[in-house]
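Here is how names work: the chains are called A, B, and so on, in the same order as the sequence lines, proteins then strands, and each is numbered from 1. What you see is a predicted model, and the numbers here were worked out from it, not measured in a lab.
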Amino acid sequence: MPHRSIHWFRKGLRLHDNPALLAAMKDCEELHPIFILDPWFPRNMKVSVNRWRFLIEALKDLDENLKMINSRVIAENNGKPPLTYVRLQTVLASIGPPKRPCSAPTKENMKDCRTPWKGSYEEIYGIPTLEELGQDPTKLGPHLYPGGESEALRRLDLNMKRTAWVCNFKKPETEPNSLTPSTTVLSPYMKFGCLSTRTFYWRLAEIYHGKKHSSPPVSLHGQLLWREFFYTAGAGIPNFNKMEGNSVCVQVDWDENKDYLEAWREARTGYPFIDAIMTQLRTEGWIHHLARHAVACFLTRGDLWISWEEGQKVFEELLLDADWSLNAGNWQWLSASAFFHQFFRVYSPVAFGKKTDKNGDYIKKYLPILKKFPPEYIYEPWKSPRSVQERAGCIIGKDYPKPIVEHETVSKHNIQRMKAAYARRSGTSGEQAPKSPSNKKGVKRKAPSVADLFKKK
DNA sequence: AAAAGCGTTGAGACG
DNA sequence: GCGTCTCAACGCTTT
């Protein structure tokens, strides 16, 4: 049976002739090789610097050798995670497609296998209710995406039935503000592993077979590759969910602005498109990818100049599909901190939504207070004459906030601030993509490293 | 219109 | 003549 294992390296600091390590890897889907450097040791045992050097070298060598047999993508790219999608595709082309999924276990598989089950099982190990978890069920939003494998497979089937839609799928052409999702919303199921990536991949491959179909990066296959793209980045780049100590992340002098951050999080920026998206996020737990673009750009480089790490926290809390690497990676992308560098391309919180929803029906759905505004003012209600606001039963500044910033002004200013941040990056002599990723000094970590644990005390 | 950086490519230096 | 390295130019970037 597939399982996870921990291999505790104590004295056998080697890969060769290591039966315990081999046994740990057998049918193992997740291996955690560990060595315990007990801080007690240096405090209580006198060990010469020569011996320490020997141990450190042994651990480094072990670490390198373990990496060699792991992380195939990253290894294929000379030990560095691919920083562009094209590069990832090149690497994947040499690795080939993923393995076929294995079939689900049946009663037959369980024939000779017992599950010890006592009467008190439910009571002791049963799944807790929301109340028992300290959650308030009255705060629940609409139940649009029920959890679980059964729903995942049902949803997959439903989507895969539309073969023409699947073959023509181009992500940038789907709509961020349609009233029902314009994409599959399989991401929460992927995040929790209710749906296997390989199952999804091969279902698509079967549908594509012999037909004309879209390709990565915009196709559905392409979406799965984006996931791999950020997974390799998240696995291979230290401090990937932070700006500081993150080698691919542009160091930006973000503001701390509690009021702006709260306004953004609580859907009262005064920009209906932004606030509608943030409302959908809070109530339903899923928003379209391009809607994420719009609010992420607004929070960071576009308008509010607040660190992407703050946005990351809010998404982590509210998104059903929040996935560590994808969340960190996409926030860096949208804030032009990494992967994407054309910071002068700023989403307009007014114009962007209009492209696919002239009427503002999406805004009216999530911000019903604005529903009586005519289409020409729905994206910019503060521009409407008083009489229009009265007729709509919504006075701007009283019933719905005025814009907290003036987009035209702040976005221009922020582009200049981005430009300065990039100039500092290339200007400061040191940090220019070091040759080997291992030899970067001066990198500060926030999480305590092993070394930190040995410093002081 | 231009703003940036990644990765590739091709030319040239070097051994 | 050949392989390796360095450098600058260029094309591309999910909207």
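For A/Glu262, the CD atom is densely surrounded, since the number of other residues' heavy atoms within 6.0 Å is greater than 12. For A/Leu133, the CG atom is densely surrounded, since the number of other residues' heavy atoms within 6.0 Å is greater than 12.
For A/Arg227 and A/Tyr231, the positive end sits near the middle of the six-membered ring, less than 6.0 Å away and at most 45° from its axis.
For the atom pair CD1 (A/Ile95) and OG1 (A/Thr90), the distance works out to 11.0 Å, reported to the nearest 0.5 Å.
Atom pair A/Leu88:CG and B/dG7:C1' shows a separation of 14 Å (rounding to whole Å applied). The CD1 atom of A/Ile237 sits 11 Å away from the P atom of B/dC6 (whole-angstrom rounding). Between the CD atom of A/Glu228 and the P atom of C/dT14 there is a distance of 17 Å, given to the nearest Å. Rounded to whole Å, the distance from CD on A/Gln251 to C1' on B/dG5 is 16 Å. Taking atom CZ of residue A/Phe343 and atom C1' of nucleotide B/dC6, one finds them 15 Å apart after rounding to whole Å. Rounded to whole Å, the distance from CZ on A/Arg424 to P on B/dA3 is 20 Å. Atom NE2 in A/His221 sits about 17 Å away from atom C1' in C/dT14, given to the nearest Å. As a whole-Å value, the separation of A/Lys171 NZ from C/dT15 C1' is 12 Å.
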- Sugar-phosphate means primed atoms, P, OP1 and OP2; the rest is base. With that split, encode nucleotides 8-13 of chain C 5' to 3' as B, S or - using protein heavy atoms under 4.0 Å. -----B
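Across all strands, A/His293 comes closer than 4.0 Å only to sugar-phosphate atoms, never to a base (heavy-atom distances). Counting non-hydrogen atoms under 4.0 angstrom, A/Glu175 reaches nothing in the nucleic acid. Using a 4.0 Å heavy-atom distance criterion, A/Lys170 is classed as making no nucleic acid contact.
Ion pairing between a basic and an acidic side chain is recognised when a charged N comes within 4.0 Å of a carboxylate O; A/Lys242 and A/Glu244 show no such pairing. Salt-bridge check for A/Asp253 with A/Arg417: passed, with a basic side-chain N closer than 4.0 Å to an acidic carboxylate O.
Between A/Trp333 and A/Trp308, a ring centre-to-centre spacing not shorter than 6.0 Å is recorded.
Among A/Trp382, A/Phe352, A/Trp264, the single residue meeting the ring pair (Phe, Tyr, Trp, His ring centres under 6.0 Å) criterion with A/Tyr271 is A/Trp382.
Helical stems of DNA chain B (runs of at least 3 Watson-Crick or G-U pairs, donor-acceptor distances under 3.5 Å) are listed by first residue: B:4-15 with C:2-13.
The nucleotide whose nearest atom lies closest to any side-chain atom of A/Arg425 is, among B/dG7, B/dC6, C/dT15, B/dC6. Here the nucleotide nearest the side chain of A/Ile415, chosen from C/dT14, B/dA3, B/dC6, is B/dA3. Distance from the side chain of A/Tyr85 is smallest for C/dT14 among the nucleotides B/dT8, B/dA3, C/dT14. For A/Tyr347, counting side-chain heavy atoms from C-beta on, the closest listed nucleotide (C/dT15, C/dT14, B/dT8) is C/dT15.
By the 30° and 60° cut-offs, the orientation of the rings of A/Phe229 relative to A/Tyr85 is tilted.
The salt bridge (Lys or Arg N to Asp or Glu O under 4.0 Å) analysis of residues 350-366 of chain A, with sequence neighbours excluded, yields the pairs A/Lys354-A/Glu380.
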